[in-house]
Structure formats: structure tokens, C-alpha cells
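By convention in this document, chain letters (A, B, ...) are assigned in the order of the sequence lines, proteins followed by strands, and residues within each chain are numbered from 1.
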Protein chains: 2
Amino acid sequence: MEKWIAALRSQGYKVTPQRRVVIEALKQGDKFATAQQVLEAVRQRFPEMSLDTVYRNLSLLVELGLVHEVRTKGRDGNFFEIAVTGHHHHTVCLQCGKAECLDFCPIHEQDLARAEVGGFKITAHSLEFYGYCADCRKVG
Amino acid sequence: MEKWIAALRSQGYKVTPQRRVVIEALKQGDKFATAQQVLEAVRQRFPEMSLDTVYRNLSLLVELGLVHEVRTKGRDGNFFEIAVTGHHHHTVCLQCGKAECLDFCPIHEQDLARAEVGGFKITAHSLEFYGYCADCRKVG
DNA sequence: ATCGCTGCAAACAGTTTGCAGTCCA
DNA sequence: TGGACTGCAAACTGTTTGCAGCGAT
């Protein structure tokens, strides 16, 4: 049993073919995919699939922590990445839009404690490093 | 001479009435403002002002580091904040959308060095802490 | 059988862009 | 004067929503 399917089931969500195939698409495609790319991948096996269902399921999966969302600043929307590893962050190239995973999170417990001022309770944080990848630096 | 006007001028950008009034609006309004709120504020003194000019100027100011942009995840778009202090980050309440400034940045030199793998050159980073503010925690 | 999920279609918002005229430097 | 900037209008894209029917449990 796949962990993602099991997680859905255990939290009371139905396991529909559409949900299975979204998860499959994220697992088998490139590391990152936009909602549109997920739709294209999914339609190879499921031509009826609609974009709104992709969005609905991606949102759900992100909410459940089963998928990570990467804010790209690009015009194609954010990237989605199946959560095979734990919490981490990414670099995003402002030129070509390519993203890469980092293997660490620089936010530590003491930072969270320091940021929880005035009764604010932190439940998540979002961090991206923006810049230019090696390829784009060579060109321009 | 205001630092923002001076910065525009020194970098070869023209100082138009629209630019002045956008800066004024950000300085005098609430700490954070959406593009729409900037437009409304600006139109009190400059009724002809158009939303696209607001966007163009906000984008420019953000690019020059004269304004900070806060990614809110809300439906009203991001917040903009005049850069009176240096680089810092924010908490954003996922319930009411309220943002607050933090007075520190948890990303240190060694983190940047560690993240610059494979020839990637970091030029900026974006970090928000999401959660629930004291008020929203009382209610819900 | 139920209630969540889906597809369809339409709406929606924030943002961007082309263009012709304006105006700061 | 001239290139940057503006306003107008329209388009564009990513995303969300209402609704009726379908299907996983």
C-alpha cells in the first residue's frame, strides 16, 4: 500500500481513480510539475480528467502534507513535488525557472520560538532561495 | 530629500508624480497595503491614477529594494510595505490574513553558502511564517 | 444509500501587455 | 527633444466555484 493512498484513506478521504492518477503523475514525472503539467500527464491515462479536479486534489494533498508546493515566481504557477522526503526547501532560478531541492532547513526551533510573538502560533513556514543557476549565469 | 525619491533618481528612473504618490501612500497608510489599497489611497489625491501604474511602480520599487513584498496566500494579493528598516520577515495569519513584521532574519551566511550548490548564485530569499494570530486562536 | 468527489462551465481576481499620447530630464 | 512613463482597454493565466450527476465506502 502506498503511503499517500493510505494517508488519504486513514483521514477519511475517498480514494478515487483521479486521486490515484495525480499521485502517480507526480511520482513518475519530473521532480517538479505545474498543475498544467500534471493535467497533461494524467490525461494520457485518464483523458476525461479536468483541470479543476487536478487543482482540488493538489490542494488537498498539499494540505495533508503529502505534496510540497514550491513558489516559483514564474508565470506558469507554482511547482508541485511528491513528498518522498521530509520538510525541505528549494532554490529557484529567476531566469529559467528551474528549481532544485535543498537537503536542509535553516529554520530552527529557537527561530520559531522567537517568531511566535504576541501569541502567534506558527504552523508552517515557506522559504525559497531565489537567484541564478549555473547554466543561466554562463549565458547572461 | 527622501531616500526613496533619491534612490529612484540616482538609478536613472524618472520621478513622476505617480511614483511620489505611491511612495507617500505606502508611508502614510497602514503598515501593509495591497495593490488595490494603494490605488484607493492614491486616488484621493490623484483620481486619474490607474491600477496598472500602481502595479508597475510597486514592481519597480520592490525590484530596487525600496519596498518589501509579503506573500500572504490570501485572495487579495500580496502586501507591500515601504522599506523603512532593513531586510526582515513576517508572520501571516492564515485565518484573518493579518501580517506582522519580525525583527530578525534567521537565514545566516553559512546557510546561504550551503544552499549555493552546483554553481547556483543566491540573490534573494523569501520567507514567511504562517499560522494563527492570538485573536483568531481565541475565536476558533 | 450517502455524501464526497467529479466534470462542466463560467466566473473571478490579480496581473500583464500593446498602444498612443504625455512629460520628466 | 526623446526616451521613459502613463492611462486606457483588453487580454491573459492561474485558480475557484455552483451545480447536477456519479461513485467510493
Side-chain angles (χ1 to χ4, degrees), chain A residues 1-2 4-23 25 32-40 42-43 45-64 66-67 69-80 94 97, chain B residues 1-2 4-23 25 32-40 42-43 45-64 66-67 69-80 94 97:
Chain A
M1 170 63 68
E2 304 212 62
W4 301 277
I5 302 295
L8 282 172
R9 214 186 291 275
S10 74
Q11 300 192 52
Y13 293 98
K14 295 189 175 173
V15 179
T16 63
Q18 289 89 338
R19 278 184 184 155
R20 287 181 187 275
V21 86
V22 164
I23 292 170
F32 303 105
T34 62
Q36 279 289 351
Q37 288 170 336
V38 170
L39 179 67
E40 288 164 27
V42 141
R43 280 196 168 160
R45 287 211 255 143
F46 216 110
E48 313 303 313
M49 189 90 169
S50 68
L51 183 56
D52 22 286
T53 300
V54 171
Y55 273 113
R56 279 191 274 234
N57 284 325
L58 285 176
S59 299
L60 176 64
L61 291 168
V62 168
E63 203 175 312
L64 298 181
L66 304 174
V67 165
E69 188 168 5
V70 183
R71 299 170 300 175
T72 59
K73 292 199 177 188
R75 4 155 194 52
D76 297 332
N78 291 346
F79 287 160
F80 296 91
L94 294 170
Chain B
M1 170 65 66
E2 304 213 64
W4 300 277
I5 303 296
L8 282 172
R9 214 185 291 275
S10 74
Q11 300 192 50
Y13 294 97
K14 296 191 174 170
V15 178
T16 62
Q18 289 89 340
R19 278 187 183 151
R20 286 181 188 276
V21 84
V22 164
I23 292 170
F32 303 104
T34 62
Q36 280 289 351
Q37 289 169 337
V38 170
L39 178 67
E40 287 163 28
V42 142
R43 280 196 168 159
R45 285 212 258 143
F46 215 111
E48 312 303 313
M49 189 89 169
S50 68
L51 183 56
D52 22 285
T53 299
V54 171
Y55 273 114
R56 279 190 274 234
N57 284 325
L58 285 176
S59 298
L60 175 64
L61 292 168
V62 168
E63 202 175 312
L64 298 180
L66 303 176
V67 165
E69 187 168 5
V70 184
R71 300 170 300 175
T72 59
K73 291 199 177 188
R75 4 155 195 51
D76 296 332
N78 290 346
F79 287 160
F80 297 90
L94 294 170

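- A:Pro17 comes within 4.0 angstrom of sugar-phosphate atoms only, judged by non-hydrogen atoms across all strands, and of no base.
- The distance between atom CD of B:Gln11 and atom P of D:dC5, rounded to the nearest whole Å, is 12 Å.
- Note that the OG1 atom of B:Thr34 and the CZ atom of B:Phe79 stand 7.0 Å from one another [nearest 0.5 Å].
- When distances are taken from the side chain of B:Arg56 to each of D:dG23, D:dT16, D:dT6, the shortest belongs to D:dT6.
- D:dT15 atom C1' lies 14 Å from atom CG of A:Asp76, rounded to whole Å.
- The line from CD of A:Glu48 to CD of A:Gln18 is 10.0 Å long, rounded to the nearest 0.5 Å.
- Look at CG on A:Asp52: it is 11 Å from P on D:dT16, rounded to the nearest Å.
- Within the structure, every side-chain polar atom (N or O) of A:Arg75 is placed at least 4.0 Å from both OP1 and OP2 of D:dG14.
- Counting 5' to 3', DNA chain C first comes under 4.0 angstrom of a heavy atom of chain B and last does so at the ends given by C:dA13 to C:dA25.
- Nucleotide D:dT15 holds its P atom 15 Å from the CG atom of A:Asn57, rounded to whole Å.
- Here A:Leu66 contributes atom CG and A:Gln11 contributes atom CD; the two are 7.0 Å apart, rounded to the nearest 0.5 Å.
- Residue order along DNA chain D, read from the 5' end via each residue's closest nucleotide, puts B:Tyr13 first among B:Arg43 and B:Tyr13.
- Going from atom CD of A:Gln36 over to atom P of D:dT15 covers 9 Å, rounded to whole Å.
- We find that CG of A:Leu51 is positioned 9 Å from P of D:dG14, with the value rounded to whole Å.
- Here the straight-line distance linking atom CZ of B:Phe32 with atom CG of B:Asn78 works out to 12.0 Å at 0.5 Å rounding.
- With values rounded to the nearest 0.5 angstrom, B:Leu8 atom CG is found 10.5 Å from B:Glu2 atom CD.
- Defining each end axis of the helix from C:dA1-D:dT25 to C:dA25-D:dT1 as the rotation carrying four pairs' C1' atoms onto the next four, with five pairs an end, the two axes are found to diverge by 50° to 10 degrees.
- Comparing B:Thr16 and B:Tyr55, the nucleotide of DNA chain C nearest to each residue sits closer to the 5' end for B:Tyr55.
- Rounded to whole Å, atom C1' of D:dC22 lies 15 Å from atom CE of A:Met49.
- A sub-4.0 Å separation between OP1 or OP2 of D:dG7 and a side-chain N or O of B:Ser50 is present.
- In this entry the distance linking CG of B:Leu64 with P of D:dC5 reads 10 Å, nearest Å.
- Distance OG1/B:Thr53 to CZ/B:Arg19: 9.5 Å, rounded to 0.5 Å.
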